[in-house]
Amino acid sequence: MLKVGDKLPAGSLQEFIEVEGNGCSIGPNSFDIAQSTAGKTIAIFALPGAYTPTCSAKHVPGYVEKADELKAAGVDEVWCVSVNDAFVMGAWGRDQKTGGKVRMMADGSADFAKATGLTLDLAARGMGLRSNRYSMLVVDGVVKTLNVEGPGKFEVSDAATMLSQAKAHKG
């Protein structure tokens, strides 16, 4: 399992782009994880699924609300990662008004979740293999903090915890 001090696993995540520009076409675009994190401080939070109750009511809105404070604390980008396709993540991002605040990164085949070892088996609930709920502060591709939630919990991966960790890291 991924731990503090580890480099993020190689691979890519997909993001649905609404407006053409910066070499990105409209629709799903693939982003290399190593290239996308190089030289940057990224707050990543992962969750079991788009449109699920806790994720929609608390997790994403907290990061949208604290996006400016996170940037002021030295975070270059905020990523939401979920085992959903880029179309679903794009639609969910529109619903959650994440534009310009949180990048909605799709891990459609759970490759990133499997590579981190932070998976959650929800097959019994009809959802298959998903990502566990967690957050991490990543600097230049290296994990500096990692906050993994216990089963059914939402206590340590919230935006307020990430903000305090980003401030401590910057300070």
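Just so it is clear, the model here is predicted, and its values are computed rather than measured. Values reported hereafter were calculated over all heavy atoms of this structure, with side chains retained and with hydrogens, waters and symmetry mates removed.
- Aromatic ring centroids of F87 and F16 lie under 6.0 Å apart.
- In this structure, K101 and K71 approach most closely via the heavy-atom pair O-NZ, 4.1 Å.
- The hydrophobic cluster containing V138 does not contain F45, counting ILVMFWY residues as joined when their side-chain heavy atoms lie under 4.5 angstrom apart, directly or transitively.
- Counting heavy atoms from C-beta outward, T52 and M127 have side chains that approach closer than 4.5 Å.
- Residue pairs meeting the salt bridge (Lys or Arg N to Asp or Glu O under 4.0 Å) criterion with at least one member in residues 22-39: none, sequence neighbours excluded.
- Two residues are said to be in side-chain contact when any heavy atoms from C-beta on lie closer than 4.5 Å; L13 and F112 meet this criterion.
- Looking at N29, its side chain does come within 3.5 Å of a backbone N or O of G27 through a donor-acceptor pair.
- The shortest non-hydrogen separation linking S56 to Q96 is O-NE2, 3.3 Å.
- Summarising the geometry of K170 relative to A73, their closest heavy-atom pair is CD-O, 3.2 Å, with the distance given to 0.1 Å.
- The shortest side-chain heavy-atom distance between Y134 and L47 does not fall under the 4.5 Å cut-off.
- Taken from OG in S82 to CG in D107, the straight-line distance is 8.0 Å, to the nearest 0.5 Å.
- Among all heavy-atom pairs drawn from G49 and W92, the shortest one is O-CH2, 4.1 Å.
- In K97, the NZ atom is not crowded: 12 or fewer heavy atoms of neighbouring residues, nucleotides or ligands sit closer than 6.0 Å.
- Under a hydrophobic clustering in which Ile, Leu, Val, Met, Phe, Trp and Tyr are joined whenever their side-chain heavy atoms come within less than 4.5 Å, directly or via other members, L8 and L146 fall into the same cluster.
- One hydrophobic cluster, built from ILVMFWY side chains closer than 4.5 Å, holds both V81 and I17.
- A donor-acceptor pair is defined here as one N or O able to donate and one able to accept, closer than 3.5 Å; no such pair exists between the side chain of D85 and the backbone of G108.
- Among I42, V139, D76, the single residue meeting the side chain to side chain contact (heavy atoms under 4.5 Å, CB included) criterion with T37 is I42.
- Side chain of N84 to main chain of A50: a donor-acceptor pair is present (N/O by atom type, distance under 3.5 Å, no hydrogens or angles).
- Within the 4.5 Å cutoff, the side chain of M162 has heavy atoms near those of the T145 side chain.
- Considering every non-hydrogen atom in both D140 and K7, the closest pair reads O-NZ, 3.2 Å.
- L137 and I44 fall into different hydrophobic clusters, where Ile, Leu, Val, Met, Phe, Trp and Tyr are joined by side-chain heavy atoms under 4.5 Å apart, directly or via other members.
- Contact annotation: the side chain of T116 approaches that of P9 to within less than 4.5 Å [non-hydrogen atoms, C-beta and beyond].
- You'll find the side chain of C80 reaches within 4.5 Å of the side chain of V60, heavy atoms only.
- In terms of heavy-atom proximity, V156 sits nearest to T161 at O-CG2, 3.4 Å.
- Looking at E18 and R94, a side-chain N of the basic residue comes within less than 4.0 Å of a carboxylate O on the acidic one, giving a salt bridge.
- Here S135 contributes atom OG and Y63 contributes atom OH; the two are 4.0 Å apart, rounded to the nearest 0.5 Å.
- Every residue meeting the side chain to side chain contact (heavy atoms under 4.5 Å, CB included) condition with F154, not counting sequence neighbours, appears here in chain and number order: T54, K58, H59, R133, E149, S157, D158.
- Between R103 atom CZ and E15 atom CD the span is 4.0 Å, to the nearest 0.5 Å.
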Side chain to side chain donor-acceptor pair (under 3.5 Å) between N147 and Q165: does it pass, once the steps are laid out?
-> CA-CA 10 Å; N147 314 293; Q165 290 174 341; 2.8 Å; yes

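- In the hydrophobic cluster analysis, where Ile, Leu, Val, Met, Phe, Trp and Tyr join through side-chain heavy atoms closer than 4.5 angstrom, V83 is grouped apart from L118.
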